[in-house]
Amino acid sequence: MTSTEAITDSEDSGPSGYAAARLRLLQQEARSGPPRRAALARLTDDWLTGLLTAAATRAGVRGAALVAVGGYGRGELSPRSDLDLLLLHDGSADAAAVAALADAVWYPVWDLGLALDHSVRTPGEARKTAGEDLKVQLGLLDARPVAGNLGLVASLRTAILADWRNQAPKRLPALHELCQERAERTGELQFLLEPDLKEARGGLRDATALRAVAASWVADAPREGLDQARRTLLDARDALHLTTGRATDRLALQEQDQVAGALGLLDADALLRQVYEAARTVSYATDVTWREVNRVLRARSVRPRLRAMLSGGLGAKPAPERAPLADGVVEADGEVVLARAARPDRDPVLTLRAAAAAAEAGLPLSRHLVRHLATTVRPLPVPWPPEAREELVTLLGAGEATVGVWEALEAEGIITRLLPDWERVHCRPQRNPVHTWTVDRHLVETAVRAASLTRRVHRPDLLLVAALLHDIGKGWPGDHSVAGEVIARDMATRIGFDQHDVGVIATLVRHHLLLVETATRRDLDDPATVRSVAEAVSSASTLELLHALTEADALATGPAAWSAWRASLVADLVKRVAAVLAGEAPEETEEEAPSAEHERLAVEALRTGEPVLTLHTRPEEPAGEGEVEPVGVELLIALPDRPGVLPAAAGVLALHRLTVRAADLRAVELPNEVGESADLLLLSWRVAAEYGSLPQAARLRADLVRALDGSLDIRARLAEREAAYPRRRGVKAPPPRVTVAAAGSRRATVIEVRAQDAPGLLHRIGNALESSAVRVRSAHVSTLGANAVDAFYVTGTDGEPLPELRAAEVAREVEKALG
């Protein structure tokens, strides 16, 4: 006797007995996965059988059956799954009796609070509805009798399957289109931080679609790993249902650690890697299967015409079936396959040659080819021969076509055999909403982006390989750039580069964030900034490569990581560094003179004794690949020097929902009307509206005046706004971190703030710096997703950099104020 049978034997068949038995089953920790889902389905079957039997006797209905469809039909009941039921009847009973029978089954289900998807039909009605509604037909493919007239259900199943196979040429393309629309709407499960286990591409819906394709007898999905992948996704959904107590398929951030614990996994990252791996298996099987479906359907449509042509005596010859692509590789029927004379066991470069040929031709690798290569090709010698290295570079330089080929190689484990260190980044999640992809896919996407930039560099091979390896250190503890330098050096040596080229690749990996971080967070007018970058890259050729890698990396990260503004800052930095590397080292200079516009504002501020400001909208500039993007709006402010200017100005901008991209503050002296010098502050801000239109300059000025005289309580206003918009549930942000940048500048001390971005953050930082009695020379603001990294160049009241101990004290005070 099974545990389910023991439960049902000891309880009555009413709702309370079923509910108690169901609860006990779900609480049995030792019973999970497929056994629990099957046991829950059997328990539910037994209960519904009792309901239908009793109700059919009362209603006098004989020719009826209760049918489980969809997930319930497959016996895949998760704790909070819907019950998909069809009450099938032969039409002999009157409508009132059938309605009474249906109510007697549906209402007890509703009374228990279980979600129910129900219908009442005759076999003819069921077939007609299935013929009109693809989703109904898909559900009926998994029809399973629960109780009643089993012959009625068997006949319907036979008819539905026959209809499905007969209608395959029309139904399968419609199903493919449905899957594609869903993928566009919900995204790819294997790359989402909060994936929908059911609807996203590579999820349970796609796994079910593969079953439907197999039932059509047109094509069958690759079986290797598919059942385990489906089980992984179902197990994760079970744990999610039990953890949340809700019928949800979205694996939200705040629940991932609990779900991981319920599955016996170390943490949320281990959970996501497991889920991503399963999704990749399903996605790859989906791609292969639909490609085969299209091939078969295309062949079926061509054969009748071909036979007609041949029978008509036209003497037409069919097109060549196999076209050469590379040594040992040919195209056949839209796929890349092995040539008949190929010898995989004697040709260790064949795998990379086939991959490069496929990517260059924009064709998929045949699944049979990839599997055959995975099992028969001998390992490459280490270091690789020149041909292997050249084929890898060709593969990486093919652009978008690289992705599908790379994924096919990964699906059979070929990539990790070629590059063993790849295993650590395989399916590794990136817990940063700025990143679109997992680490491994991001690396491939960066190579794809770099492929479009190869005409800008003298060594495209080094650019492409550095792009592939730049984040390889994310699989190791510590700073990923530092760890990545060591790994990249080993991998580049393995690939067969000489010592000089290995050094260049290692340098690119070590400093792949240097340009964008320096350009957006440091004062480019400070000679120390430019010199430090020049010392790191050491040569003009490496700088050229690093510039291209920086752009490719940012473009492959996500839309928030690159813009015309960032591109212009990086280009400016590269120009300055190139001059230094050419021997034009900048000398220490005095402060740059104010612009004519700033000088005009300064004179007006001196005359009135009040703040004066102006807004200048920048014209749109190219953002790359034909796009344009506004660089932002320049806000110039001049006012008499006084304490509290930075927090007041930042607070006013926050109140008007303006995002600060960069800020520069400068103190100048101008003679007043009586010939004495007067101190003025000149502020230059680069801002952008969070949404909506820009505020009027007059309103900004009025609020700035009020903030400075104390009549506008910025802190209270920002607090009111924050209280009015409840925080979104999610993972708790890490605490802010404030540090002193080592050797950041000779003219000032650089205080770097890393914190969760929020309205008024710059205002709070400004208040903290004001309280620490330091002067802010300039501020450089950078925001990526939810993270802000701001650098402040500060001096003491004497205008000199802060002593080491005093700088550390200021950093602690700012961090405490933000905590």
Participant: Do Leu443 and Trp437 have side chains that approach each other closer than 4.5 Å (heavy atoms only, starting at C-beta)?
Facilitator: no
Participant: Please tell me if the side chains of Val105 and Leu66 come closer than 4.5 Å, counting only heavy atoms from C-beta onward.
Facilitator: yes
Participant: Answer yes or no: is there a side-chain heavy-atom contact under 4.5 Å between Val67 and Leu152?
Facilitator: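 No; the side chains remain at least 4.5 Å from each other.
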Participant: Is Arg280 salt-bridged to Asp440, going by a charged N under 4.0 Å from an acidic O?
Facilitator: yes
Participant: Indicate yes or no: at least one non-hydrogen side-chain atom of His176 is less than 4.5 angstrom from one of Val293.
Facilitator: no
Participant: Contact between Arg250 and Glu199 at the side-chain level, heavy atoms closer than 4.5 Å - yes or no?
Facilitator: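 No, too far: nothing below the 4.5 Å cut-off.
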Participant: Could you tell me if Gln430 and His442 have a donor-acceptor pair between their side chains, going purely by distance under 3.5 Å?
Facilitator: no
Participant: Salt-bridged, Arg371 to Glu224, with N to O below 4.0 Å?
Facilitator: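 Looking at Glu224 together with Arg371, the answer is yes, because their closest N to O distance falls below 4.0 Å.
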Participant: Check this for me, if you would: do Glu132 and Lys128 make a salt bridge, where the nitrogen-to-carboxylate-oxygen distance has to be below 4.0 angstrom?
Facilitator: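 Yes, charged N to carboxylate O under 4.0 Å.
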Participant: Tell me yes or no: between the side chains of Ser119 and Arg121, is some donor less than 3.5 Å from an acceptor?
Facilitator: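 Indeed, the side chains of Ser119 and Arg121 share at least one donor-acceptor pair under 3.5 Å.
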Participant: Report the residue from Glu188, Gln190, His435, Glu407 that forms a side chain to side chain donor-acceptor pair (under 3.5 Å) with Arg441.
Facilitator: Glu407
Participant: Under the side chain to side chain donor-acceptor pair (under 3.5 Å) test, which residues partner Arg428, sequence neighbours left out?
Facilitator: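 Listed in chain order: nothing, the list is empty.
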Participant: Would you say Ser78 and Asp238 are linked by a side-chain donor-acceptor pair, where the criterion is simply a distance under 3.5 Å?
Facilitator: yes
Participant: Less than 4.0 angstrom from a charged side-chain N to a carboxylate O is my criterion; do Lys474 and Asp471 meet it?
Facilitator: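 Looking at Asp471 together with Lys474, the answer is yes, because their closest N to O distance falls below 4.0 Å.
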Participant: Supply the atom-to-atom distance Lys170 NZ to Leu175 CG, rounded to the nearest 0.5 angstrom.
Facilitator: 13.5 Å
Participant: A side-chain contact here means heavy atoms from C-beta on lying under 4.5 Å apart; do Arg231 and Pro34 qualify?
Facilitator: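 Yes. Closest side-chain heavy atoms under 4.5 Å.
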Participant: I'd like to know if Asp287 pairs up with Arg201 as an ion pair, taking the criterion as any Lys NZ or Arg NE/NH1/NH2 lying under 4.0 Å from an Asp or Glu carboxylate oxygen.
Facilitator: yes
Participant: Strictly below 4.0 Å, N to O, side chains only: are Asp235 and Arg37 in salt-bridge contact?
Facilitator: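 Here Asp235 pairs with Arg37 in a salt bridge, since their nearest N and O are under 4.0 Å apart.
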Participant: Regarding Arg171 and the six-membered ring of Trp164, is the cationic atom NZ or CZ under 6.0 Å from the ring centre and inside 45° of its axis?
Facilitator: no
Participant: For the residue pair Gln256 and Arg431, confirm or rule out a side-chain donor-acceptor distance under 3.5 Å.
Facilitator: yes
Participant: Does Thr438 reach the side chain of Leu272, with side-chain heavy atoms less than 4.5 Å apart?
Facilitator: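 No, too far: nothing below the 4.5 Å cut-off.
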Participant: Please set out all donor-acceptor pairs under 3.5 angstrom arising from side-chain atoms of residues 211-219, sequence neighbours excluded.
Facilitator:
unit_1	atom_1	unit_2	atom_2	d
Arg211	NH2	Asp142	OD1	3.1
Ser216	OG	Val213	O	2.5
Ser216	OG	Val218	N	3.2

Participant: Less than 4.0 Å between a side-chain N and a carboxylate O, is that true for Glu181 and Arg185?
Facilitator: no
